[in-house]
There are 2 protein chains.
Amino acid sequence: MSDTRQAILAAARSAVQARGYNALSFREIGKEIGVKSASIHYHFPTKGDLGAELARDYTAQGKAYLDELSACDSAVGCFDGYLAIFRKALEDDNRMCLCGIMAAEQHDLPEQVRVEVSRFTDMNVAWLESRLESLLPELRADAPHDRAIAIFAAIEGAQLVARGRSDATMYDRAIQSYRASGLIPG
Amino acid sequence: MSDTRQAILAAARSAVQARGYNALSFREIGKEIGVKSASIHYHFPTKGDLGAELARDYTAQGKAYLDELSACDSAVGCFDGYLAIFRKALEDDNRMCLCGIMAAEQHDLPEQVRVEVSRFTDMNVAWLESRLESLLPELRADAPHDRAIAIFAAIEGAQLVARGRSDATMYDRAIQSYRASGLIPG
DNA sequence: ACCTGAACACCGTTCAAGT
DNA sequence: ACCTGAACACCGTTCAAGT
């Protein structure tokens, strides 16, 4: 893959995690990496093509990370690792999960981007569900799929709210309550 | 207050709940209500002024609604009413909490809008905290403020994720798990 | 008091033209 | 294969000018 294409993807990912899909600008990316905005259209014909590729790569890399995490010692440790990903985005210039921020922009997304955002959610929910099942019957989650959706949504929400206040400790406090109440194991 | 000003606010609120602050367009609102975009600047000098007013009104109306809700019979019924607000936005053309969607756009918001979004969060957390305290010691929430943050974040997240899939039942399932796990009373 | 047209620098997109 | 300049219709904003 060409260097320019890689540079576009890197700059675009960073921009979307910070400011969202709508704020993504071909001209700004062009300035950042030293090409004209028209050149970016050579690699990604439309903004939707770029957004979809961004989400696709993000999901693939997330999946690779989670597959490693599945091999960790304790099930509770797995959740620690999972929660750390979302915390890290906040630490990194108050960024957000790429697909979380795009979910908020749902109505403005081209269909091809929407599909990829959904795939990211599915991937996360499936991983959480398999982790929950490995904790049974200890956890007694009688509806692991719905519980997985709930955990994913709660974590995304904690990130969203903490980010809205530029205060990562709000994320920590929400997570602590999720655990204290029994929503998240640990 | 002038009719035009009211029409601007109504059209703008609907647009932001559907598509976010970034997608809010003076020209589109102008077309919708039958004035030129330049006229809107007469009422709201900048987009930030309009966004801030939007969030301010939204918080005030939310507070009025929650104050009524506080007088309801049972504490659990209070939470039912609260949860229904967020569900209703999804039913209404897959819309989102005005301040929830703006929180996702944090980095693009003028400071004056950010302040108002924070006030909305504070108002909600304070209300939830007072509801939790009225349930003590039944609930044994040893950190009601953090628990209130957690509940607010979890609900916003459930709305965000359900909206990303255009599937309001995902919201229901997440909420059901929040209750089953004990995060939300009821 | 309220609205407008015209201008400015932005945006994604297209396309013919360059190397 | 990869990049560009110029054009198009959009955007928020400003401001002098209208009523």
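Only a predicted model underlies this, so the values are computations on that prediction, with no experimental measurement involved. Each chain gets a letter, A, B and so on, in the order its sequence line appears, and its residues count up from 1.
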Closest nucleotide among [options] to the [X] side chain:
{"X": "A:A38", "options": "D:dG12, C:dT14, C:dT13", "value": "C:dT14"}
{"X": "A:S39", "options": "D:dT14, C:dG12, D:dT4", "value": "D:dT4"}
{"X": "A:T4", "options": "D:dC3, C:dG5, D:dT13", "value": "D:dC3"}
{"X": "B:V35", "options": "C:dT14, C:dC3, D:dC11", "value": "C:dC3"}
{"X": "B:F26", "options": "C:dT13, D:dG12, C:dC11", "value": "D:dG12"}

Taking [X] first and then [Y], would you say they form a salt bridge - that is, a charged N and a carboxylate O separated by under 4.0 Å?
{"X": "B:D67", "Y": "B:K63", "value": "yes"}
{"X": "A:K47", "Y": "A:D108", "value": "no"}
{"X": "B:D122", "Y": "A:R165", "value": "yes"}
{"X": "B:K31", "Y": "B:E28", "value": "no"}

Provide, to the nearest angstrom, the distance between the [atom1] atom belonging to [X] and the [atom2] atom belonging to [N].
{"X": "B:H41", "N": "C:dA6", "atom1": "NE2", "atom2": "P", "answer": "17 Å"}
{"X": "A:E28", "N": "C:dT13", "atom1": "CD", "atom2": "C1'", "answer": "17 Å"}
{"X": "A:K31", "N": "D:dT4", "atom1": "NZ", "atom2": "P", "answer": "14 Å"}
{"X": "A:R19", "N": "C:dC11", "atom1": "CZ", "atom2": "C1'", "answer": "12 Å"}
{"X": "B:K36", "N": "D:dC10", "atom1": "NZ", "atom2": "C1'", "answer": "15 Å"}
{"X": "A:I40", "N": "D:dG5", "atom1": "CD1", "atom2": "C1'", "answer": "15 Å"}
{"X": "A:R27", "N": "D:dC8", "atom1": "CZ", "atom2": "P", "answer": "14 Å"}
{"X": "B:N22", "N": "D:dG12", "atom1": "CG", "atom2": "P", "answer": "11 Å"}

Give none if D:dA16 has no partner; otherwise give the nucleotide forming a Watson-Crick or G-U wobble pair with it, both distances under 3.5 Å.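 Here D:dA16 is engaged in a pair, and the nucleotide opposite it is C:dT4.
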Taking any strand in view, what nucleotide pairs with D:dC10 in a Watson-Crick or G-U wobble way, both distances under 3.5 Å?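 WC or wobble partner does not exist here.
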OP1, OP2 of [N] versus side-chain N and O of [X]: anything below 4.0 Å?
{"X": "B:H43", "N": "C:dC3", "value": "yes"}
{"X": "B:S25", "N": "D:dG12", "value": "yes"}
{"X": "B:Y42", "N": "C:dC3", "value": "no"}

Mind checking B:L24 for me? I need base, sugar-phosphate or nothing, with any heavy atom below 4.0 Å counting as a touch.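 Answer is sugar-phosphate: B:L24 comes under 4.0 Å of backbone atoms only.
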When rounded to the nearest 0.5 angstrom, what distance separates CD1 in B:I175 from CZ in B:F79?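 B:I175 CD1 to B:F79 CZ: 11.5 Å, rounded to 0.5 Å.
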